[in-house]
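Remarks on the structure that follows.
This is a predicted model, so every value here is computed, not measured. Values reported hereafter were calculated over all heavy atoms of this structure, with side chains retained and with hydrogens, waters and symmetry mates removed.
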Amino acid sequence: MNVLSVASEVFPLVKTGGLADVAGALPLALKNHGVSMKTLMPGYPAVLQQLHETKTLASMTSLLGEEARLLACDYEGLDLVVLDVPALYDRNGGPYTDVTGKDFVDNWKRFAALSLAATEIARGLLPDWRPDILHAHDWQAAMAPVYMRYTGLQQIPTVMTVHNLAFQGQFGPQIFADLQLPPQAFSVDGLEYYGDVGFLKGGLRTAWAVTTVSPTYAHEITTAEYGMGLEGLINARASDLTGIVNGIDTQVWNPATDPHIAENFTAGALRKRAANRKALADRFSLGDDDGPIFCVISRLTWQKGIDLIADVADWIVAEGGKLAVLGSGDQGLEGALLAAASRHRGRVGIVIGYNEPLSHLMQAGADAILIPSRFEPCGLTQLYGLRYGCIPIVARTGGLADTVIDANEAALSARVATGFQFTPITADGLQVALRRAFKAYREPKVWARLQNQGMKSDVSWEKSAERYANLYSSLLARV
Ligand code: ADP
C-alpha cells in the first residue's frame, strides 16, 4: 500500500513540535505493516542543507504561479519528496515565521502550494509512483484533501490528522481567487469558514477520515470547551473520527544507549540515574541535596499551563523540591519563571531556548516531569518521561489522560500506576498532585515501583502504527 504523507515539519530535519516527531517516526513504524510511505515536505534552506544526493523527480513551471521542483532523497530511513520552491521557502527564519517571530504574510500560499504539489503527485506527477492514500497533517497540509475533492481526485482516500486544533490556518476571503479552485469550493461544504478561508476547516470537511492523536482529545474536540469553534463540524464527522495515540522513537529515546546523557541506565539499574541527576543539577545550578527535582520541557505558553508552574514554584521550594525548566515562548511567562529562578537561586533553574540534547539529560536526571497543559492533543514529553523513569505529573486531559496511569490507591496496589494526574487544571489542582508526589518520593519503594511500571509501558509506535494501517485498509476497502 502506497501512502503519501504531507507535513510541514519532519524530525530530524526540521521540528517545532510534536508534529515533526510523528511525521518522522510513523513512516518507519509503518514499514512492518505493509505500508510504503513517502513524505512530502517543504524545502526550507535548513532542510536542503542537510540533504545530500537528491534527485530531481519532476519540475513544475507554475505551482500557484511559482517555479517548483520535487527532489527525492532517502534520509535516515525516510523516503522524502522535498518541494523546492525558492520563491516560497528560500528565506531566513523558521518554518512559519520570519527572524522576528512574525508569521510570513504569504503562509497561505506557502502551504497551499505544498498541498497542491501533493495533489499533483496523487494525479501521477512522479515517474513511477502513485499513492493509494493521501495523509495530511495539520492545517499546513489540510488543503490537500480540498484540492483532491475539487480537482477530480475524490476517488483517492484522504486522511486528515489534527495534531492541534488551536492552529487552523485561517485567512481572509481575498486569497480564495489565488488558490486555483472552482467557486463552489468556497462554501460551507468546502473552505468557507465564517466568511474567511479556513484551511483546517476545509481539510476536516473534505477528508475521507479524520484522526487526532489521542482518544480523549478526539472526544474533547466534539465539545465547545475544546472544539475551538469547529466542534459543530467535528460532531458532524464523528463517525469518521478516530483518536490514535502517538508513539515515540524508542531508538532515539532509549536510556540504555542515549548519547546525550551522563550515564546510560535501564529499569534494572535505576541507581545509575544518579549521575544524570548530578549532571542536571550542575547544568541548572541546583544544589546536590536529596529533594525531588521536577523538570519542565515545553513551549512556554498558556496552553501548556506554564503560568501554573510559576504559581507553585515558591511552594515547591518551600517543600524542599527543586525545579528545572527548559523552554521558550511567551515573554510574560519566561519573565515569571526567570523571576522565580532569581528568588530561589540553587533551587529553581531555567534555560531559555530549544535544546534537544539537554531535554534528554533532563528526562534522564529529573525525578518527575510536570505537564499541566490546559489541553493536550497527545503530548510526547510524558512518554519520554515514562521511558526514562522520570515520573509524569500531568493534567487529566487529552493524551495525558490516555497515557499516564494515576497513582491512586487501587492502581498502586494493582501495581499499574505510572504517574500522577490532576484536575481541575489550576494551580491548586497541580499542588494537590505535587503533594501526592512528594509523599510518594519519601517512600523510595513506592517511587521505584512507579518508575519501573512507567519504564515497562509500551510507548513505541507498534500498536499505533497498526491502527493507522488498519484505518488505511478500511478506507481502501471503501474505494
Ligand atoms: P507540542 O507539539 O504541543 O509543543 P509535544 O509534547 O507534543 O508538544 O511535543 C513537544 C516536543 O518538543 C517534544 O519532543 C519535546 O521534548 C520537545 N521540546 C519542547 N520544548 C523543547 C525545548 N525547549 N528544548 C528541547 N525540546 C523541546
* Identify the heavy atoms of A366 and L280 that sit nearest to each other, and give their distance. => N-CD2, 3.4 Å

* Sub-6.0 Å ring centroid separation between Y96 and F111 -> yes

* Assess the side chains of E231 and T222: does a donor N or O sit below 3.5 Å from an acceptor N or O? => no

* Using modelled atom types only, decide if a donor and an acceptor are shared between the side chain of Q421 and the backbone of V404 within a distance under 3.5 Å. => yes

* Smallest separation among heavy atoms of D196 and G172, with atom names -> OD1-CA, 3.8 Å

* Asked: Quick one: does P372's side chain get under 4.5 Å of V394's, heavy atoms only?
  -> no

* To do: Could you tell me whether the side chain of T223 and the main chain of H219 form a donor-acceptor pair under 3.5 Å?
  => no

* Asked: Are the side chain of E334 and the backbone of G329 linked by a donor-acceptor contact shorter than 3.5 Å?
  -> yes

* Of the non-hydrogen atoms in C73 and L51, which two are nearest, and what is the gap between them? -> SG-CD2, 3.8 Å

* To do: Mark yes when over 12 heavy atoms from residues, nucleotides or ligands other than Q50 sit less than 6.0 Å from its CD; otherwise mark no.
  => yes

* Asked: Would you find a donor on one side and an acceptor on the other, under 3.5 Å apart, between the side chain of Q363 and the backbone of T381?
  -> yes

Quiz: residues 349-357 side-chain donor-acceptor pairs under 3.5 angstrom, not counting sequence neighbours:
residue, atom, partner, partner atom, Å
Y354, OH, E356, OE1, 3.1
N355, OD1, L358, N, 3.0

* **From CA spacing to verdict: side chain to side chain contact (heavy atoms under 4.5 Å, CB included), T211, V159** => CA-CA 7 Å; T211 78; V159 178; 3.9 Å; yes

* Minimum side-chain heavy-atom gap P27-K31 below 4.5 Å -> no

* Is it true that a side-chain atom of Q168 and a backbone atom of M228 form a donor plus acceptor pair closer than 3.5 Å? -> yes

* Structure fact -> Sequence neighbours excluded, the answer for salt bridge (Lys or Arg N to Asp or Glu O under 4.0 Å) partners of R149 is none

* Can you tell if the side chain of N2 reaches within under 4.5 Å of the side chain of R130, non-hydrogen atoms only? -> no

* Is it true that the side chains of R467 and N470 contain a donor and an acceptor less than 3.5 Å apart? -> no

* Going by heavy atoms in the side chains, are M60 and R69 under 4.5 Å from each other? -> no

* Asked: Considering all heavy atoms of both residues, which atom of A29 and which atom of W461 are nearest to each other, and what is their separation?
  -> CB-CB, 3.4 Å

* Just checking, is any N or O donor in the side chain of T61 or E67 under 3.5 Å from an acceptor N or O on the other one? -> no

* Asked: Is the number of heavy atoms from other residues, nucleotides or ligands within 6.0 Å of CD (Q174) greater than 12?
  -> yes

* Nearest-0.5 Å distance, OG of residue S115 to CG of residue L134 -> 8.5 Å

* Y384 ring center near W253 ring center (under 6.0 Å) -> yes

* Using modelled atom types only, decide if a donor and an acceptor are shared between the side chain of Q382 and the backbone of C378 within a distance under 3.5 Å. => yes

* Asked: Any sub-3.5 Å donor-acceptor pair from E66's side-chain atoms to S62's backbone N or O?
  -> no

* Ignoring hydrogens and angles, state whether a donor on the side chain of H163 or D138 is under 3.5 Å from an acceptor on the partner side chain. => no

* Would you please indicate if the ring centroids of F375 and Y226 are separated by under 6.0 Å? => no

* Asked: Mind checking what makes salt bridge (Lys or Arg N to Asp or Glu O under 4.0 Å) contact with K201, not counting sequence neighbours?
  -> none

* Asked: Looking at H135 versus Y472, is the centre-to-centre ring distance below 6.0 Å?
  -> yes

* Donor-acceptor side-chain pairing of T216 and D402 below 3.5 angstrom -> yes

* Full working for side chain to side chain contact (heavy atoms under 4.5 Å, CB included) between Y89 and L83 -> CA-CA 9 Å; Y89 304 131; L83 177 63; 3.6 Å; yes

* Should T97 and N107 count as side-chain neighbours, where that means a heavy-atom distance under 4.5 Å? -> no

* **Any side-chain heavy-atom pair of L230 and L204 under 4.5 Å** => yes

* Asked: Does any N or O in the side chain of R396 come within less than 3.5 Å of the main-chain N or O of A401, such that one atom is a donor and the other an acceptor?
  -> no

* After noting the C-alpha distance and the side-chain angles of F186 and L181, does the key distance pass the side chain to side chain contact (heavy atoms under 4.5 Å, CB included) rule? -> CA-CA 8 Å; F186 192 58; L181 281 163; over 6 Å; no

* Asked: Near Q331 CD, under 6.0 Å, is it more than 12 heavy atoms from other residues, nucleotides or ligands?
  -> no

* Specify the closest pair of heavy atoms between P392 and T418, including all atoms of both residues, with the distance to one decimal. => CD-O, 3.4 Å

* Under 3.5 Å, is there a donor-acceptor pair between the S460 and T250 side chains? -> no

* For the side chain of S214 and the backbone of Y217, is there at least one donor-acceptor N/O pair under 3.5 Å apart? -> yes

* Asked: Does the side chain of D98 come under 3.5 Å of the side chain of T100 through a donor N or O and an acceptor N or O?
  -> yes

* Find the distance between CG (L40) and CG (L4) and round it off to the nearest 0.5 Å. => 5.5 Å

* Between the side chains of N164 and Q303, does any donor sit under 3.5 Å from an acceptor? -> yes

* **Contact check, side chains of L430 and I425, non-hydrogen atoms, under 4.5 Å** => no

* Decide whether E462 and H33 meet the rule of one side-chain donor and one side-chain acceptor closer than 3.5 Å. => yes

* To do: For R123 and T151, indicate whether the former's side chain and the latter's backbone hold a donor-acceptor pair under 3.5 Å.
  => yes

* Asked: Can you find a pair of side-chain heavy atoms, one from R299 and one from I306, that are under 4.5 Å apart?
  -> no

* Minimum heavy-atom distance V325-F284, with the two atoms named -> O-CE2, 3.4 Å

* Does NZ or CZ of R91 come closer than 6.0 Å to the centre of the six-membered ring of F104, within 45° of the ring's axis? -> yes

* Decide side-chain hydrogen bond (donor to acceptor under 3.5 Å, both in side chains) for N276 and Y388; before the verdict, give the C-alpha distance in whole Å, the side-chain angles of both, and the deciding distance to 0.1 Å. => CA-CA 11 Å; N276 296 306; Y388 278 63; over 6 Å; no

* Asked: Do D178 and K109 sit within salt-bridge range, that is, some charged N less than 4.0 Å from a carboxylate O?
  -> no

* Asked: Should the heavy atoms of other residues, nucleotides or ligands under 6.0 Å from CZ of R283 be counted, would the total exceed 12?
  -> no

* Tell me whether the centres of the aromatic rings in F199 and W108 are closer together than 6.0 Å. => no

* Is the shortest distance from a Lys or Arg side-chain nitrogen in D330 or K304 to a carboxylate oxygen in the other one below 4.0 Å? -> no

* Asked: Among side-chain atoms of T16 and E9, is any donor-acceptor pair under 3.5 angstrom?
  -> yes

